[in-house]
Asker: 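Pasting a structure here, questions to come.
Order of the sequence lines sets the chain letters (A, B, ...), proteins ahead of strands, with each chain counted from 1. This structure is a prediction, so every number in the text was calculated from the model and none was measured. Note: hydrogens, waters and symmetry copies are ignored here, and every other heavy atom, side chains too, is used.
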Protein chains: 2
Amino acid sequence: MAKRVTQCPVARSVERVGDEWSVLILRDALYGLTRFDEFQKSLGIAPNILTRRLNSLVETGMLERVQYSEHPPRFEYRLTPAGRDFRTVVLAMVAWGNRHFAHEGLSMIIVDAKTGEVADPILVDSKSGRPLTTPEFRVVAGPAASDVMKKRYDTLPPTTSILETAK
Amino acid sequence: MAKRVTQCPVARSVERVGDEWSVLILRDALYGLTRFDEFQKSLGIAPNILTRRLNSLVETGMLERVQYSEHPPRFEYRLTPAGRDFRTVVLAMVAWGNRHFAHEGLSMIIVDAKTGEVADPILVDSKSGRPLTTPEFRVVAGPAASDVMKKRYDTLPPTTSILETAK
DNA sequence: AAAACTAACTTGCATTATGATAGTCACATC
DNA sequence: GATGTGACTATCATAATGCAAGTTAGTTTT
């Protein structure tokens, strides 16, 4: 895809993790993997592709390449704060995938570390605690929105919008 | 990427929306777009690519191709329940993007539709209302997990894991 | 001290996907 | 009859991905 100059936070996310490997690499990094060959074994990815993806994740500020041994020279890839916070998106994917594509039962769940009770992840407003469902909450242009973004997200959508209104 | 047979809900999500356009198409569909040329104009995507992506989203159960006019024959792409629920992942991306890549200010925000107050989206457990942060919550293998998944997610990670434990 | 091993990559080349442009087809409207 | 619209398909150049093999800098084994 051509490089885009966009304000949309979704498009910006896609620029960073919008290929087929980056999300899986970050999933593994969030799980605790840090080394080149760990990722390679876990993902079955070709080494040249892994190199490219790791470099791009470093460039976009998701990972950091850190030398952890001088003799021999060895490197590991550590999550940056932004990369660590990508956990929220991964967990949203886990929850969504479990809701719709786990016909033979759940193979991955989120549980309370102490009690072991299964958690059911939903998005809420941190202040009010209310779930971010439609039509109670809307997506609108923010203070720094460009004219294009304003035009798009401050007017009513062309047809019934799910981001704005329940169908 | 080669077709994978995996249980991981993250990988399953990536199979469906792991290319550079699908997430943006779904973003637009969630906004309310349904027609071929609406997507084309909005995204600036080549028509042959759009055809392929729409077909793949229909195949994977995210969209439905529905004829809304017989004379002339006209079609639109409607979100399935799974596609509509993908809103949760998109909102997680919006929140994450806003937290880390909106240095010049927010261009897209989620607000209370009535009061207009800005919402701050976080993931919580729907039952207890507690935020799904580490180390209070862990990701573990579920009842339908394969041996590979069990081995991976029921044992302690190789190094400190963010999915499991705070760094 | 040579041989094998490990981690982290490159290089070369075939295959596949993407992207730009142009063209098609069934209608509808002027 | 000419032009317009919606939803594409076809062709071909460019770019990305994938596989296999090779490289480099060291460490460990025999």
Asker: Any side-chain N or O of B:Arg35 below 4.0 angstrom from OP1/OP2 of D:dT5?
Answerer: no
Asker: OP1 or OP2 of D:dA15 versus the side-chain N and O atoms of A:Arg52: is any pair under 4.0 Å?
Answerer: no
Asker: For C:dG19, take OP1 and OP2 only and decide whether either is under 4.0 Å from a side-chain N or O of B:Trp21.
Answerer: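 The answer is yes; a side-chain N or O of B:Trp21 sits under 4.0 Å from OP1 or OP2.
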Asker: Side-chain donor-acceptor contacts of residues 105-113 of chain B below 3.5 Å, not counting sequence neighbours, with atom names and distances?
Answerer:
unit_1	atom_1	unit_2	atom_2	d
B:Ser107	OG	A:Gln7	O	3.0
B:Asp112	OD1	B:Lys114	N	2.8
B:Asp112	OD1	B:Thr115	N	3.2
B:Asp112	OD2	A:Arg130	NH1	2.7
B:Asp112	OD2	A:Arg130	NH2	3.2

Asker: Which whole-number value in Å describes the distance from B:Glu20 CD to C:dA17 C1'?
Answerer: 10 Å
Asker: A side-chain contact here means heavy atoms from C-beta on lying under 4.5 Å apart; do A:Leu24 and A:Phe39 qualify?
Answerer: no
Asker: B:Ser22: which residues meet the side chain to side chain donor-acceptor pair (under 3.5 Å) condition with it, sequence neighbours left out?
Answerer: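 Partners of B:Ser22 by the side chain to side chain donor-acceptor pair (under 3.5 Å) criterion, ordered by chain and then number, come out as B:Asp19.
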Asker: Test: ring-ring contact (aromatic ring centres under 6.0 Å, His included). Region: residues 68-90 of chain A. Which pairs qualify, not counting sequence neighbours?
Answerer: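 The answer is A:Phe86-B:Trp96.
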Asker: To the side chain of B:Ile49, which of D:dA7, D:dG18, C:dT18 is closest?
Answerer: C:dT18
Asker: Using a heavy-atom cut-off of under 4.0 Å over every strand shown, decide if B:Phe39 touches base, sugar-phosphate, or nothing.
Answerer: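 Contact class for B:Phe39: none.
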Asker: Between A:Ile45 (CD1) and D:dC19 (P), how many Å, whole number?
Answerer: 10 Å
Asker: Here's a test of your reading of the structure: between A:Arg53 and B:Glu76, which maps to the more 5' nucleotide of DNA chain D?
Answerer: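 Here B:Glu76 is the residue nearer the 5' end.
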Asker: For A:Gln40, check side chain to side chain donor-acceptor pair (under 3.5 Å) against everything at least two apart and list the hits.
Answerer: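 Checked A:Gln40 against side chain to side chain donor-acceptor pair (under 3.5 Å); zero matches.
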Asker: May I have the distance from A:Arg65 (atom CZ) to C:dA8 (atom P), rounded to whole angstrom?
Answerer: 9 Å
Asker: Quick test of your reading: applying salt bridge (Lys or Arg N to Asp or Glu O under 4.0 Å), list the pairs with at least one residue in residues 39-52 of chain B, sequence neighbours left out, ordered by first then second residue.
Answerer: B:Asp37-B:Lys41
Asker: A:Asp19 has an atom CG; how far is it from atom P of C:dT18, in whole Å?
Answerer: 12 Å
Asker: With the side chain of A:Thr51 defined as its heavy atoms from C-beta on, choose the nearest nucleotide among C:dA8, D:dC8, C:dC9.
Answerer: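 Looking only at heavy atoms from C-beta outward on A:Thr51, the closest nucleotide is C:dC9.
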Asker: Could you go over nucleotides 22-29 of chain C and give all protein N or O partners under 3.5 Å, atom names and distances?
Answerer:
unit_1	atom_1	unit_2	atom_2	d
C:dC27	OP1	B:His71	ND1	3.4

Asker: Tell me the interatomic distance from A:Leu50, atom CG, to D:dC19, atom C1', rounded to whole angstroms.
Answerer: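 Result: 15 Å.
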Asker: Report yes if at least one side-chain N or O of A:Tyr77 is closer than 4.0 Å to OP1 or OP2 of C:dA7; otherwise report no.
Answerer: no
Asker: Going by heavy atoms in the side chains, are B:Leu63 and B:Leu79 under 4.5 Å from each other?
Answerer: yes
